[in-house]
Amino acid sequence: VGTTVALRYVYFVDANTGCITGSCALVLKTTDAGATWNPLTTGTASQLSSIFFTSPTTGYSAGFGGVAIKTTTSGTSWSPLTSGVGSPLGLVFFPTTTTGVICGDNGVILRTTTSGASWGTVASGTTDFLTGMDFYDASNGAIVGGNATLNTGLILQSTDAGASWTSIVPGTSRLTRVDFFDSGLGYAVGLDGTILQWTVASVADAQFTSSAPGCVAQSVNFYSVTAG
């Protein structure tokens, strides 16, 4: 892809168009299903942790130093957003075109209902690292993370589009990513080979041991699930 910096996150708008974020404010874009990648100018020097598009033209990215940026030109140009925080930001997700949520370090959760024009803090009830987030519809979603020092996991769940969150302590190692297949099935992964499966929105009801215990699971995304 023409770079040696650390790459952090990948998001595809459709089968051909996608972006990758990384260190040094890097954003790479492909329009040919990953055959070639071209850098985009973001206007920031901060590491960008994630990226999310609500349409082929409108996208958001967040990263270190409380940086949040927005494009309405498919990534050709980016504008800074005022997050109101200075701590590192991680995942950004928009369950609707106007309502978005960003989670990050120190239990930070930010929410907008104005397509990023303004952001407010939402109480998380924790100071843990929050590193993974997904919604299965416009209202219901989860954030995962945990305590890096104690290596304990945490799940936060919302049923009101991120306006409020309730916590679940799953009794696992720190969690890193979460993904919903549909309204009835979700997965979370984390350190020490942790894999959780639960029914939305209830406490995790099954835990499985990875085939490679001790490997750090950093991302998960399922496009189909076969029961069995």
Side-chain angles (χ1 to χ4, degrees), residues 1 7-22 25-44 46-64 66-85 89-104 109-120 122 130-143 158-163 177-183 186 200 219-224:
V1 295
L7 303 178
R8 302 293 181 184
Y9 199 81
V10 58
Y11 183 90
F12 269 74
V13 180
D14 55 39
N16 293 310
T17 305
C19 289
I20 294 173
T21 63
L26 179 70
V27 177
L28 300 174
K29 180 179 179 180
T30 181
T31 56
D32 53 14
T36 59
W37 295 86
N38 296 301
L40 302 177
T41 301
T42 60
T44 179
S46 297
Q47 174 177 296
L48 296 173
S49 304
S50 66
I51 192 167
F52 188 93
F53 279 79
T54 57
S55 74
T57 58
T58 302
Y60 303 82
S61 185
F64 282 27
V67 166
I69 56 177
K70 177 181 180 179
T71 180
T72 56
T73 59
S74 303
T76 302
S77 60
W78 294 82
S79 300
L81 302 175
T82 302
S83 71
V85 300
L89 299 177
L91 265 288
V92 54
F93 193 101
F94 274 70
T96 74
T97 56
T98 58
T99 299
V101 180
I102 301 175
C103 64
I109 299 177
L110 305 177
R111 183 173 185 260
T112 181
T113 57
T114 58
S115 302
S118 60
W119 295 85
V122 179
L130 304 177
T131 55
M133 173 169 48
D134 194 22
F135 282 75
Y136 71 77
D137 62 20
S139 299
N140 297 279
I143 291 173
S158 177
T159 58
D160 54 12
R177 293 289 187 264
V178 60
D179 187 89
F180 294 128
F181 174 66
D182 58 25
S183 61
V200 181
S219 62
V220 58
N221 201 332
F222 292 87
Y223 293 97
S224 63

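In what follows, every heavy atom counts, from backbone to side chain, and hydrogens, waters and symmetry copies are set aside.
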Side-chain donor/acceptor of Lys29 to backbone N/O of Thr76, under 3.5 Å: no
Separation of Leu28 CG from Leu40 CG (nearest 0.5 Å): 7.5 Å
Set of residues satisfying side chain to side chain contact (heavy atoms under 4.5 Å, CB included) with respect to Asn16, sequence neighbours excluded: Asp14, Ala33
Contacts of type side chain to side chain contact (heavy atoms under 4.5 Å, CB included), residue Thr82, not counting sequence neighbours: none
Side chain to side chain donor-acceptor pair (under 3.5 Å) against Thr44, all qualifying residues, sequence neighbours excluded: none
Euclidean distance, Thr159 OG1 relative to Asn140 CG, rounded to 0.5 Å: 6.0 Å
Modelled atom types, side-chain donor and acceptor of Thr36 and Asn38, under 3.5 Å: no
Exam field: side chain Thr98 to backbone Thr114, donor-acceptor pair closer than 3.5 Å: no
Centroid separation Phe135 to Phe180 less than 6.0 Å: no
Atom of Ser118, atom of Thr112 and distance for their closest heavy-atom approach: O-OG1, 2.7 Å
Shortest non-hydrogen contact between Trp78 and Thr41, atoms and distance: CD1-O, 3.2 Å
CA sep, side-chain torsions, deciding dist, call: Arg177, Leu91, side-chain contact (heavy atoms from CB on, under 4.5 Å): CA-CA 10 Å; Arg177 293 289 187 264; Leu91 265 288; 4.0 Å; yes
Ser158 versus Ala163, closest heavy-atom pair with distance: OG-N, 4.1 Å
Under 3.5 Å: donor-acceptor pair, side chain of Thr31, backbone of Thr17: no
Taking every non-hydrogen atom, the tightest pair across Val67 and Ser46: CG2-OG, 3.3 Å
Reported CD1-to-CZ distance for the pair Ile51 and Phe53, which is rounded to 0.5 angstrom: 4.5 Å
Gap between atom OG of Ser61 and atom CD of Gln47 - 0.5 Å precision: 10.0 Å
Separation of Phe94 CZ from Ile102 CD1 (nearest 0.5 Å): 7.0 Å
Polar side-chain atom of Tyr11 near backbone of Ile20 as donor-acceptor pair, under 3.5 Å: no
Heavy-atom pair of closest approach, residues Leu48 and Leu26: CD1-O, 4.3 Å
Lys70 side chain to Ala117 backbone, donor-acceptor under 3.5 Å: no
Residues forming a side chain to side chain contact (heavy atoms under 4.5 Å, CB included) with Ser139, sequence neighbours excluded: Asp137
Close aromatic pair by centroid cut-off 6.0 Å: Phe93 and Phe52: yes
Tyr9 side chain to Gly90 backbone, donor-acceptor under 3.5 Å: no
Partner residues of Thr99 under the side chain to side chain contact (heavy atoms under 4.5 Å, CB included) criterion, sequence neighbours left out: Pro95, Thr96, Arg111, Thr113, Ala161
Whether Phe12 and Trp37 hold their rings parallel, tilted or perpendicular, with breakpoints at 30° and 60°: perpendicular
Side chain to side chain, Ile143 and Ile109, heavy atoms closer than 4.5 Å: yes
Main-chain N/O of Val92 paired to Ser50 side chain as donor or acceptor, under 3.5 Å: yes
Nearest atoms (heavy-atom pairs only) where Leu89 meets Ser83: CD1-CB, 4.2 Å
With Thr57 via side chain to side chain donor-acceptor pair (under 3.5 Å) - residues at least two apart: Ser55
Donor on one side chain, acceptor on other, Thr54 and Thr58, under 3.5 Å: no
Full working for side-chain contact (heavy atoms from CB on, under 4.5 Å) between Leu81 and Tyr60: CA-CA 9 Å; Leu81 302 175; Tyr60 303 82; 4.0 Å; yes
